[in-house]
Amino acid sequence: SSKTVSVNGNTQTSTAQSQYYGSSALFDGSGDYLQIGQTSDLNFGTGDFTIESFFYVSDTSNSDQALIASGTASFASGAITFKAWNTFYGNEVVVQPYDYNSGGTPIVRSGRIASNKWHHVAYTRSGNDHMLFIDGELKDTTTSSISINFNDNNYTMIGYSNLDSSNGYMDGFISNLRIVKGTALYTSDFTPPTRALT
């Protein structure tokens, strides 16, 4: 359903890089992000879901560049960040919870990826199986009953994780970010979409 999205910093549409439409969302790595206000639609609990997007990391200086993250100022059960670039785990895509029980250990990791290149990423959950795909290839699967709430009575950020401070800003481009609640669209290797996501 439709959501109000607030623009922060100088996040902008750019024609410098694109997958579709001839443009994409540009984040410059400092102060740029999009924000979705409070909504229970982004609280998945233990249900199935799919989060997918195209992304392009153009500068790797920031160590924890978020694709989408819970907007919380403190550790909270269910709060989570989906990072397009994480140097601590070796230049990987990681999905990382922020609750005291897990200690922040990633749920799934991609293995090393390349910067300055478009990638398709998908994080899906089917039952308690969490799966991470890069460019259609299943990279990691974990079984966990963790509850996931991107919005948890607060807000959701695209292109930034405030739990990672200044290192959490995306420095690059995001295109076709899609969230499907209630369905794991991918559970095995697949051919990445070749047209704009609907």
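Any value given below was found using the heavy atoms of this structure, including those in side chains, with hydrogens, waters and symmetry copies removed.
For T81, there are no side-chain hydrogen bond (donor to acceptor under 3.5 Å, both in side chains) partners two or more places apart in sequence or in a different chain. Partners of N116 under the side-chain hydrogen bond (donor to acceptor under 3.5 Å, both in side chains) rule, at least two apart in sequence or in another chain, do not exist in this structure. Every residue meeting the salt bridge (charged side-chain N to carboxylate O under 4.0 Å, His left out) condition with D164, not counting sequence neighbours, appears here in chain and number order: K83. By the side-chain hydrogen bond (donor to acceptor under 3.5 Å, both in side chains) test, T143 is found to be paired with D129, residues two or more places apart in sequence or in another chain being considered. Listed by chain and residue number, H119 satisfy the side-chain hydrogen bond (donor to acceptor under 3.5 Å, both in side chains) test with D135 (two or more places apart in sequence, or in another chain). Every residue meeting the side-chain contact (heavy atoms from CB on, under 4.5 Å) condition with D28, not counting sequence neighbours, appears here in chain and number order: N10, S30, D32. Every side-chain contact (heavy atoms from CB on, under 4.5 Å) that Y169 has, sequence neighbours left out, goes to Y33, N62, Y160. Remark: S63 engages T87, N167 in a side-chain contact (heavy atoms from CB on, under 4.5 Å) (not counting sequence neighbours). By the side-chain contact (heavy atoms from CB on, under 4.5 Å) test, V180 is found to be paired with T50, R178, T183, L185, residues two or more places apart in sequence or in another chain being considered.
Within the structure, no pair that satisfies the salt bridge (Lys or Arg N to Asp or Glu O under 4.0 Å) test touches residues 14-27, not counting sequence neighbours. Listed by first and then second residue, the salt bridge (Lys or Arg N to Asp or Glu O under 4.0 Å) pairs involving residues 105-127 are E92-R109 (not counting sequence neighbours).
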From CA spacing to verdict: side-chain contact (heavy atoms from CB on, under 4.5 Å), V95, I80: CA-CA 7 Å; V95 178; I80 196 164; 3.6 Å; yes
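S115 approaches T60 most closely through the heavy-atom pair CB-CG2, 3.7 Å. What you find for A184 and T124 is that their closest heavy atoms are CB-CB, 4.1 Å. Residue V57 comes nearest to M170 through the heavy atom pair CG2-CE, 3.9 Å, listed as atom of the first residue, atom of the second, then distance. Nearest heavy-atom pair, V93 versus L132, reported as atom, atom and distance to 0.1 Å: O-CD2, 3.7 Å.
The hydrophobic clustering, which links ILVMFWY residues whose side-chain heavy atoms are closer than 4.5 Å, places L138 and Y89 apart. Cluster membership for Y186 and V121, using ILVMFWY side-chain heavy atoms within less than 4.5 angstrom, is not shared. Taking hydrophobic clusters as Ile, Leu, Val, Met, Phe, Trp and Tyr residues chained together by side-chain heavy-atom distances below 4.5 Å, F54 does not share a cluster with F82. Linking ILVMFWY residues whenever their side-chain heavy atoms come closer than 4.5 Å, directly or via other members, leaves M131 and I134 in distinct clusters. Hydrophobic cluster membership is shared by I36 and I68, with clusters built from Ile, Leu, Val, Met, Phe, Trp and Tyr side chains linked at under 4.5 angstrom.
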With a 3.5 Å cut-off and sequence neighbours excluded, list the donor-acceptor pairs that the side chains of residues 15-27 form with protein atoms.
| unit_1 | atom_1 | unit_2 | atom_2 | d |
| --- | --- | --- | --- | --- |
| Q17 | OE1 | W118 | NE1 | 3.3 |
| Q17 | NE2 | Y56 | OH | 3.4 |
| Y20 | OH | P193 | O | 3.1 |
| Y20 | OH | R195 | N | 3.1 |
| S24 | OG | Q17 | O | 2.7 |

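Separating the OG atom in S53 from the CG atom in L67 is a distance of 4.5 Å, to the nearest 0.5 Å. The OG1 atom of T156 lies 10.0 Å from the NZ atom of K3; values are rounded to the nearest 0.5 Å. The line from CG of L177 to CD1 of I158 is 5.0 Å long, rounded to the nearest 0.5 Å. Note: D59 CG to W85 CH2 = 10.0 Å, rounded to the nearest 0.5 Å. Taken from CD1 in I146 to CZ in F44, the straight-line distance is 13.0 Å, to the nearest 0.5 Å. In this structure, CE on M157 lies 9.5 Å from CG on N8, to the nearest 0.5 angstrom.
Between Y123 and F49, the ring center distance clears the sub-6.0 Å criterion.
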